[in-house]
Engineer: 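Here it is, the structure, as structure tokens.
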Amino acid sequence: MIVFHYYMAITTAPGYPPQAKGDLTGVSICRKCIAPKPARTHHCSICNRCVLKMDHHCPWLNNCVGHYNHRYFFSFCLFMTMGCIYCSISGWDMFREAYAAIERMKQLEKERLQAAANQTYYQTPPPAFSFRQRAFHKSIVYLWVLCSSVALALGALTLWHAALITRGETSIERHINKKERQRLQKKGKAFRNPYSFGAWDNWRVFLGVDVPRHWLTRVLLPSTHLPHGTGLSWDTPPCVTQRHTPLLAI
Ligand SMILES: [Zn+2]
Ligand SMILES: [Zn+2]
């Protein structure tokens, strides 16, 4: 799952708006591209072009995270965090043993040198452990520290993105909406995010879960299904409208 989502996140283009002016009506114009800029689209200064539903430019993926690869990015972060947590917990005993072994080696080395200093003839006894043993234990300590650090750092990033997805916002919209909320609050008005359908539906739309079976086939297994819509206009997806329509409506 980690490799699949990482590969898909770096190879899938985030989605770009069409360059032709006549294709879209009633949208703003990007001042840098001099081209139509649909809703939720933002200009990436690193890619030097507009990106549909841009979230952020990710230096680790060397790709922009936008409409078509947002899910791959999030799933990669989530599975990578879960993998690191799993390895940190299951490797804890191994880490402690390796750490203790290094401490023991340090002690033995100290004793060896002390013994050599007390001797009258010039001969130091050989070390009690091999270079290989020492490198092995040091590698385990290094791996565990690296693994648990990634689990913490990536875990925090994943939680932050999970909160954004719950609210139906991208990283960029988070800043825009915050300003807008404050601006309207001063006028005594309430701000409403037009792209949020409620926490549960935001997750279903983000992950592309139309029917319950998709939780298995599209979330827990690798899936290349496309996100809802083209990223050019933002109509409410059918899976959300269906859920909110009463079955017995006349
Ligand atoms: Zn642009
Ligand atoms: Zn970019």
Engineer: What pair of heavy atoms forms the shortest contact from Asn202 to Gly168, and how long is it?
Structural biologist: ND2-N, 3.3 Å
Engineer: Could you grab the distance from atom CZ of Arg183 to atom NZ of Lys179, nearest 0.5 Å is fine?
Structural biologist: 12.0 Å
Engineer: Grab the two heavy atoms, one from Pro18 and one from Leu232, that are nearest each other, plus how far apart they are.
Structural biologist: CD-CD2, 3.6 Å
Engineer: Quick check: is Phe95 connected to Val150 through a chain of hydrophobic side chains (ILVMFWY, heavy atoms under 4.5 Å apart)?
Structural biologist: no
Engineer: Can you name the residues that form a salt bridge (charged side-chain N to carboxylate O under 4.0 Å, His left out) with Glu103, not counting sequence neighbours?
Structural biologist: Lys106
Engineer: Answer yes or no: is there an ion pair linking Arg204 with Asp201, defined by an N-O contact shorter than 4.0 Å?
Structural biologist: yes
Engineer: So, do Glu173 and Tyr195 sit near enough that their side-chain heavy atoms are less than 4.5 Å apart?
Structural biologist: yes
Engineer: Measure the SG-CG distance between Cys87 and Leu143 for me, rounded to the nearest 0.5 Å.
Structural biologist: 9.5 Å
Engineer: The criterion is salt bridge (charged side-chain N to carboxylate O under 4.0 Å, His left out); which residues satisfy it with Arg112, sequence neighbours excluded?
Structural biologist: Glu109
Engineer: Mind checking whether Pro14 and Leu52 have side chains closer than 4.5 Å, heavy atoms only?
Structural biologist: no
Engineer: Any chance you could measure Cys64, atom SG, to Ile46, atom CD1, to the nearest 0.5 Å?
Structural biologist: 7.0 Å
Engineer: Take His57 and Val65 through the test side-chain contact (heavy atoms from CB on, under 4.5 Å) and record every step on the way to the result.
Structural biologist: CA-CA 6 Å; His57 186 94; Val65 175; over 6 Å; no
Engineer: Scan the side chains in residues 1-9 for donor-acceptor partners under 3.5 Å anywhere in the protein, sequence neighbours excluded, and list what turns up.
Structural biologist:
unit_1, atom_1, unit_2, atom_2, d
His5, ND1, Met1, O, 2.8
Tyr6, OH, Trp60, O, 3.2

Engineer: Can you see which heavy atom on Val51 is nearest to which on Pro17, and at what distance?
Structural biologist: N-CD, 4.4 Å
Engineer: Counting only heavy atoms not in Glu111 (residues, nucleotides, ligands), do more than 12 fall under 6.0 Å from its CD?
Structural biologist: yes
Engineer: When you check the gap from the basic side-chain N to the acidic O, do Arg218 and Asp210 get nearer than 4.0 Å?
Structural biologist: yes
Engineer: Can you find a pair of side-chain heavy atoms, one from Tyr72 and one from Thr224, that are under 4.5 Å apart?
Structural biologist: yes
Engineer: Between Trp203 and Phe206, what is the ring plane arrangement, given parallel below 30°, perpendicular above 60°, and tilted in between?
Structural biologist: perpendicular
Engineer: Any chance you could measure Cys84, atom SG, to Leu152, atom CG, to the nearest 0.5 Å?
Structural biologist: 9.5 Å
Engineer: For Lys138 and Tyr99: C-alpha separation, side-chain torsions, deciding distance, then whether side-chain contact (heavy atoms from CB on, under 4.5 Å) applies.
Structural biologist: CA-CA 8 Å; Lys138 280 194 170 178; Tyr99 190 84; over 6 Å; no
Engineer: State, yes or no, whether a side-chain contact exists between Trp144 and Ser88 at a heavy-atom distance under 4.5 Å.
Structural biologist: yes
Engineer: Indicate if Phe73 and Met80 have the same hydrophobic cluster label, given that clusters are the connected sets of ILVMFWY residues with side-chain heavy-atom separations under 4.5 angstrom.
Structural biologist: yes
Engineer: With a 4.5 Å limit on heavy-atom distance, are the side chains of His161 and Asp55 in contact?
Structural biologist: yes
Engineer: When rounded to the nearest 0.5 angstrom, what distance separates CZ in Phe136 from OG in Ser139?
Structural biologist: 8.0 Å
Engineer: Indicate, with yes or no, if Tyr68 and Phe74 share a hydrophobic cluster defined by side-chain heavy-atom contacts under 4.5 Å among Ile, Leu, Val, Met, Phe, Trp and Tyr.
Structural biologist: no
Engineer: Can His214 and His225 be said to form a side-chain contact (heavy atoms from CB on, under 4.5 Å), step by step?
Structural biologist: CA-CA 10 Å; His214 286 162; His225 67 279; over 6 Å; no
Engineer: Can you confirm whether the side chains of Asn177 and Glu169 place a donor and an acceptor under 3.5 Å from each other?
Structural biologist: yes
Engineer: Any non-hydrogen side-chain atom of Lys53 less than 4.5 Å from a side-chain atom of Thr170?
Structural biologist: yes
Engineer: Please check if Leu157 and Ile10 belong to a single hydrophobic cluster, counting links between Ile, Leu, Val, Met, Phe, Trp and Tyr side chain heavy atoms closer than 4.5 Å.
Structural biologist: yes
Engineer: Below 4.5 Å, heavy atoms only, C-beta onward: do Ile172 and Met54 meet side chain to side chain?
Structural biologist: yes
Engineer: May I ask you to decide if Thr12's main-chain N or O and Asn69's side chain share a donor-acceptor pair within less than 3.5 Å?
Structural biologist: yes
Engineer: Do you know which two heavy atoms are closest between Ser223 and Arg71, and how far apart they sit?
Structural biologist: O-NH2, 3.0 Å
Engineer: Between Ser196 (side chain only) and Asn193 (backbone N and O only), is there a donor and an acceptor less than 3.5 Å apart?
Structural biologist: no
Engineer: Take Val205 and Phe197 through the side-chain contact (heavy atoms from CB on, under 4.5 Å) test and state the conclusion after the steps.
Structural biologist: CA-CA 9 Å; Val205 171; Phe197 314 110; 3.9 Å; yes
Engineer: Using atom types as modelled and distance alone, determine if a side-chain donor or acceptor of Ser90 lies under 3.5 Å from a backbone N or O of Tyr86.
Structural biologist: yes
Engineer: Kindly compute the distance separating CD1 (Ile165) from CZ (Arg167), expressed to the nearest 0.5 Å.
Structural biologist: 12.5 Å
Engineer: Determine whether the aromatic ring centres of Trp234 and His67 lie less than 6.0 Å apart.
Structural biologist: yes
Engineer: Do Trp92 and Val145 belong together in a cluster built from hydrophobic side chains that touch within less than 4.5 Å?
Structural biologist: yes
Engineer: Would you name the heavy atoms of Gly155 and Thr81 that are closest together and state the gap between them?
Structural biologist: CA-CG2, 3.5 Å
Engineer: Take atom CZ in Arg181; do more than 12 heavy atoms of anything else shown fall under 6.0 Å from it?
Structural biologist: yes
Engineer: Looking only at heavy atoms, what is the nearest atom pair of Cys47 and Cys44, with distance?
Structural biologist: N-SG, 3.3 Å
Engineer: With a 4.5 Å cut-off on side-chain heavy atoms, are Met105 and Gln133 touching?
Structural biologist: yes
